[in-house]
Amino acid sequence: MPTIPMRRLVLGDRVFQWRRTHRHTIQGAAGGCEELLRVFAEGNKKAVLHISFREKPGWGVGYPAAGVIWSVEESKGYNLNRPAVVAALVRYTMQCGWDPGGENALEIRDGIPLLSSAAAPSE
């Protein structure tokens, strides 16, 4: 599998590196798609932010377009390929206590509720 390059995101005076990847948690089964977001401040890979977006009732993830998360019940979708969506998630998690300059990583296993809490732009 080819390595997906990190992308650069500038928020104020801080520079971040980020990557969105897609994977299947259950091979060949419906509901097995997952989008993963990995973010860290340039120069500090200790305090990595990991956010997982898995398919669940009412929400589709990553198919037919990798990086897209959409509500089955509403006409609302989010695209993790857009820097503005990633920026909203980074700002929100920092407001909630994630320190990208610190020593501790943060793992969020269900990132779907974060999208609306972070006021991420939807499509």
Side-chain angles (χ1 to χ4, degrees):
M1 180 185 306
T3 302
I4 298 169
M6 299 298 285
R7 295 177 66 183
R8 194 167 190 256
L9 177 71
V10 179
L11 296 176
D13 61 351
R14 188 167 259 161
V15 179
F16 295 89
Q17 296 288 318
W18 66 280
R19 173 185 303 146
R20 184 230 29 99
T21 56
H22 180 86
R23 73 176 181 180
H24 297 108
T25 57
I26 305 168
Q27 289 297 338
C33 288
E34 179 178 27
E35 292 294 329
L36 301 167
L37 181 64
R38 179 176 189 247
V39 182
F40 59 86
E42 261 186 9
N44 184 15
K45 292 185 180 180
K46 291 180 183 179
V48 178
L49 172 63
H50 295 274
I51 307 176
S52 171
F53 302 86
R54 289 187 182 173
E55 286 185 346
K56 63 182 187 176
W59 289 90
V61 173
Y63 180 84
V68 177
I69 301 161
W70 70 96
S71 170
V72 174
E73 297 152 4
E74 302 173 33
S75 60
K76 183 177 259 189
Y78 301 92
N79 188 338
L80 293 176
N81 297 302
R82 293 182 58 202
V85 173
V86 175
L89 292 167
V90 168
R91 284 186 189 104
Y92 182 75
T93 55
M94 287 176 23
Q95 289 172 355
C96 292
W98 175 55
D99 179 7
E103 299 287 320
N104 299 313
L106 173 61
E107 181 178 354
I108 299 170
R109 293 183 184 209
D110 183 5
I112 291 174
L114 249 71
L115 293 163
S116 61
S117 297
S122 62
E123 299 183 327

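Residue numbers count from 1 along this sequence.
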Which value, rounded to the nearest 0.5 Å, describes the distance between [X] atom [atom1] and [Y] atom [atom2]?
{"X": "L80", "Y": "W18", "atom1": "CG", "atom2": "CH2", "value": "7.5 Å"}
{"X": "I108", "Y": "C96", "atom1": "CD1", "atom2": "SG", "value": "8.0 Å"}
{"X": "Q17", "Y": "K45", "atom1": "CD", "atom2": "NZ", "value": "8.5 Å"}
{"X": "W59", "Y": "C33", "atom1": "CH2", "atom2": "SG", "value": "15.5 Å"}
{"X": "L36", "Y": "R20", "atom1": "CG", "atom2": "CZ", "value": "9.5 Å"}
{"X": "N44", "Y": "E103", "atom1": "CG", "atom2": "CD", "value": "6.5 Å"}

Contact summary for [X] and [Y], nearest pair of heavy atoms:
{"X": "V61", "Y": "R54", "value": "CG2-C, 3.6 Å"}
{"X": "G62", "Y": "H22", "value": "O-CE1, 3.5 Å"}
{"X": "G67", "Y": "E35", "value": "N-OE2, 3.0 Å"}
{"X": "A88", "Y": "A120", "value": "CB-CA, 3.7 Å"}
{"X": "Y92", "Y": "A118", "value": "CB-CB, 3.5 Å"}
{"X": "P121", "Y": "V85", "value": "O-CG2, 3.5 Å"}

Exercise. Taking the side chain from N81 and the backbone from A66, do they hold a donor-acceptor pair closer than 3.5 Å?
Worked result: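 Yes, because the side chain of N81 sits within donor-acceptor range (under 3.5 Å) of the backbone of A66.
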
Under 4.5 Å between any side-chain heavy atoms of [X] and [Y], yes or no?
{"X": "L89", "Y": "Y78", "answer": "no"}
{"X": "L114", "Y": "T93", "answer": "yes"}
{"X": "R7", "Y": "F16", "answer": "no"}
{"X": "K56", "Y": "D110", "answer": "yes"}

For this session: Scan side-chain atoms only and decide if H50 and E107 contain a donor-acceptor pair under the 3.5 Å cut-off.
Result: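 No, no side-chain donor-acceptor pair sits under 3.5 Å.
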
Exercise. Taking atom types as modelled, is there a side-chain donor on E34 or S52 under 3.5 Å from an acceptor on the other?
Worked result: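 A donor-acceptor contact under 3.5 Å links the two side chains.
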
Is there a path from [X] to [Y] through hydrophobic residues (I, L, V, M, F, W, Y) whose side chains come within less than 4.5 Å of each other?
{"X": "V48", "Y": "L9", "answer": "no"}
{"X": "V72", "Y": "V68", "answer": "yes"}
{"X": "I112", "Y": "L49", "answer": "yes"}
{"X": "L37", "Y": "W70", "answer": "no"}

Exercise. Does R8 come within less than 4.0 Å of E42, counting only side-chain N to carboxylate O?
Worked result: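 E42 and R8: salt-bridged.
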
